[in-house]
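Everything on this sheet refers to the single structure shown next.
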Amino acid sequence: MEAYEELLIWAKDRGIILNGVEPRRIPGRGMGIVATKPLEEDETILTVPSTTLRTYETVHPSISRALPKDISIHGLLAADLAFDPSPSAKYRQWNAVCPSRKDMWDYLPLTWDHRLRQFLPRKALELLLKQEAKFEKDWSMVQQSKLLSSGPGKKENKSLEEEDCGTLNKSITRDDYLYAWLLVNTRTFYHETPKTKKFNKDDRMVLQPVADLFNHTSYDPSAEKKEGNKKTCSVAFSPTAFTITTTRPYAAGEEVYICYGNHSNDFLLIEYGFLFDENVWDEVCIDDAILPLLDQAQTHSQSQQQQQQQPPRKVTRRLNERGKKDLKPQASQQQPPKSPKEVLEETGFLGNYNLDPRNPTGCYRTQVALRALAALADSAGPQGEKKFRAFIDYGQDPWEESLEEQAKLNALLAQALKRWSSDAIEKKIRDGLDKLEWREGHEGVVGRECHRGLLSMRWMQVKRMVDRALKELEG
Ligand SMILES: C[S@@+](CC[C@H](N)C(=O)[O-])C[C@H]1O[C@@H](n2cnc3c(N)ncnc32)[C@H](O)[C@@H]1O
């Protein structure tokens, strides 16, 4: 019998109701949920009673007692999975359909060779570092707890709590915990109850059987009425159950999806280990294209200032009424004009510039940065700063009113994107595709082929987005 068939029997015994859908193996996506008959819109296809959920309250008491109270719910659930004596009688059929450790190590960047990190897009790397910090915090709490058996000496002096942990699998490694932690990361659902409402939003999470086999799709709300749009099922919970309901008809055999959220591909890659090709919520961070322009402008204005500086004169300072030296700057010592980068930093607009399908020529922050570069150039004079302030403070946009000004901004962005594309993106794609480029000395290729494949695919998506922007800008 296939593992999913055993899961279905196990699920039925626990009151989980599947209506016209079943889990199936889907090429390239592990398991998924497929319609076994034609489905109407608004049909409840899955009901998962709350009694079947794995929550912070169902964690083995000896595990929750042994861990600090402030461990995240994510960390706690991962400990429950990792320390569960293997194979757990209670969850055997559920565990059996979960992705293997090899699957996780294939696609989740947290498990990859660290040398591959330099090939991640900037945003993806930021997300990965945050995720790593969360994991390390949880793991260090587990390490410091009494859950791990640490040395033979300890066994003779077992405390009551340790006795209690007797049935647990106490010799887990960092990788065992990481595997459990990543299972939790990729498979939990948001769940709010009067009790969890007291937690941080991130901690309102539960594991639910069968529902965790739905794959993700994103949908374009603007295409809702168009035929063939991929509108996803709705997920709802009540005190008694989770329900998943169709929002459009399905043909028998069609895969049925839910939506994990309006996530970019950098987010999907780091958190879930896959990339979604037609992702309307994708965005590409273009800081690596824009920040060098700002740095250039900064260096230019600094060197201009140095040139303009007079040779030091001997100044006899006036004494003020109290006999102290007057430290107010003299007219000739006025502050030099601020560079675009300084002004952007001051106004909170430095960095986090993005392209996305809805803003193919750059988000609002990008538009602010371009205007800062145009308005605060040395040649623009004090009028330039006024013009820029009017834009950010009052939304007045003289650039938009003049075709010539607009063309200048477009040219500036196009130039930055082209440079980034040829200096960095194309190199990343080449490196990713040509395995030889990944060799470090003679030690062999870095990372697995699937890791490099995902990275190259991501850079190709980035390039597509940049090319689209260039087409619009130069169009
Ligand atoms: C909640 S699980 C869904 C079931 C999963 N496919 C399985 O085999 O158990 C989430 C994981 O499914 C995979 N996944 C979900 N949606 C996907 C998609 N659209 N394309 C590829 N993989 C997807 C990713 O590996 C993700 O981490």
Side-chain angles (χ1 to χ4, degrees), residues 2-8 10-11 16 18 21-35 45-46 48 52-54 74 77-78 81 91-112 124 127-128 131 135 178-191 205-220 229-233 235 237 242 244 254-282 448 450-451 453-455 457-458 461:
E2 287 256 16
Y4 75 83
E5 291 170 311
E6 284 198 56
L7 174 76
L8 288 180
W10 177 90
I16 296 173
L18 287 93
V21 290
E22 260 188 22
R24 287 275 191 282
R25 230 155 241 297
I26 313 276
R29 290 204 274 278
M31 300 296 293
I33 297 283
V34 172
I45 50 172
L46 180 67
V48 182
T52 62
L53 306 177
R54 280 184 96 158
H74 188 156
L77 288 172
L81 259 62
Y91 298 114
R92 187 179 61 78
Q93 292 85 344
W94 184 358
N95 293 344
V97 291
C98 285
S100 67
R101 185 178 302 211
K102 182 186 171 298
D103 292 336
M104 294 300 218
W105 261 244
D106 273 353
Y107 51 73
L108 283 162
L110 186 58
T111 66
W112 296 357
L127 289 165
L128 178 69
Q131 188 188 55
F135 168 74
L178 179 57
Y179 172 53
W181 198 89
L182 289 171
L183 279 176
V184 173
N185 201 56
T186 52
R187 309 182 82 74
T188 38
F189 285 74
Y190 180 81
H191 192 228
M205 53 158 70
V206 294
L207 286 157
Q208 54 167 327
V210 187
D212 63 357
L213 297 175
F214 276 95
N215 286 317
H216 162 89
T217 192
S218 69
Y219 82 98
D220 180 357
N229 80 71
K230 292 181 176 162
K231 205 168 157 185
T232 64
C233 291
V235 180
F237 56 82
F242 262 93
I244 298 193
E254 214 182 319
E255 180 167 5
V256 185
Y257 299 94
I258 57 170
C259 176
Y260 300 172
N262 298 336
H263 299 312
S264 73
N265 278 348
D266 286 329
F267 186 94
L268 290 174
L269 174 62
I270 299 304
E271 296 292 328
Y272 296 100
F274 71 94
L275 295 166
F276 196 62
D277 225 23
E278 291 158 35
N279 187 356
V280 283
W281 302 107
D282 199 12
R448 295 182 192 168
C450 44
H451 306 163
L454 274 168
L455 285 170
M457 203 191 291
R458 182 61 185 135
Q461 291 174 340

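Predicted model, so just to flag it, every value in this text is computed and none were measured. Ligands are counted one by one from 1 in listed order, and the atoms in each one are counted from 1 as well.
Close contacts of ligand 1 with T186, meaning ligand atoms under 4.0 Å from a residue heavy atom, involve 1 (C), 2 (S), 10 (C), 27 (O). Under a 4.0 Å criterion applied to the non-hydrogen atoms of G30, ligand 1 contributes the atoms 8 (O).
The protein heavy-atom contact nearest to atom 20 (N) of ligand 1 is R29 CD, 3.2 Å. Protein heavy atom nearest atom 2 (S) of ligand 1, with residue, atom name and distance: D212 O, 3.4 Å. Nearest protein heavy-atom contact of atom 9 (O) of ligand 1 is R187 NH2, 2.8 Å. Nearest protein heavy-atom neighbour of atom 19 (N) of ligand 1: H216 O, 2.9 Å. When only non-hydrogen protein atoms are considered, atom 8 (O) of ligand 1 lies nearest to M31 N, 2.7 Å.
With a 4.0 Å cut-off on non-hydrogen atoms, Y272 touches ligand 1 through its backbone as well as its side chain.
Not one N or O on the side chain of T52 forms a donor-acceptor pair closer than 3.5 Å with the backbone of V48. The backbone N or O of W281 sits nowhere less than 3.5 Å from a side-chain atom of N262 that would complete a donor-acceptor pair. Side chain of H74 to main chain of W181: a donor-acceptor pair is present (N/O by atom type, distance under 3.5 Å, no hydrogens or angles).
Of the candidates L275, L207, N215, it is N215 that places a heavy atom closest to atom 13 (C) of ligand 1. Considering Y107, Y260, F274 only, the shortest heavy-atom separation from atom 22 (N) of ligand 1 involves F274.
Relative orientation of the W94 and W10 rings is tilted, given thresholds of 30° and 60° on the angle between their planes.
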For this session: In sequence, state the C-alpha distance, the side-chain angles, and the governing distance for R25 and E2, and then conclude on salt bridge (charged side-chain N to carboxylate O under 4.0 Å, His left out).
Result: CA-CA 10 Å; R25 230 155 241 297; E2 287 256 16; 5.1 Å; no
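Annotation for Y260 and H216: closest pair N-ND1, 2.8 Å, computed over non-hydrogen atoms.
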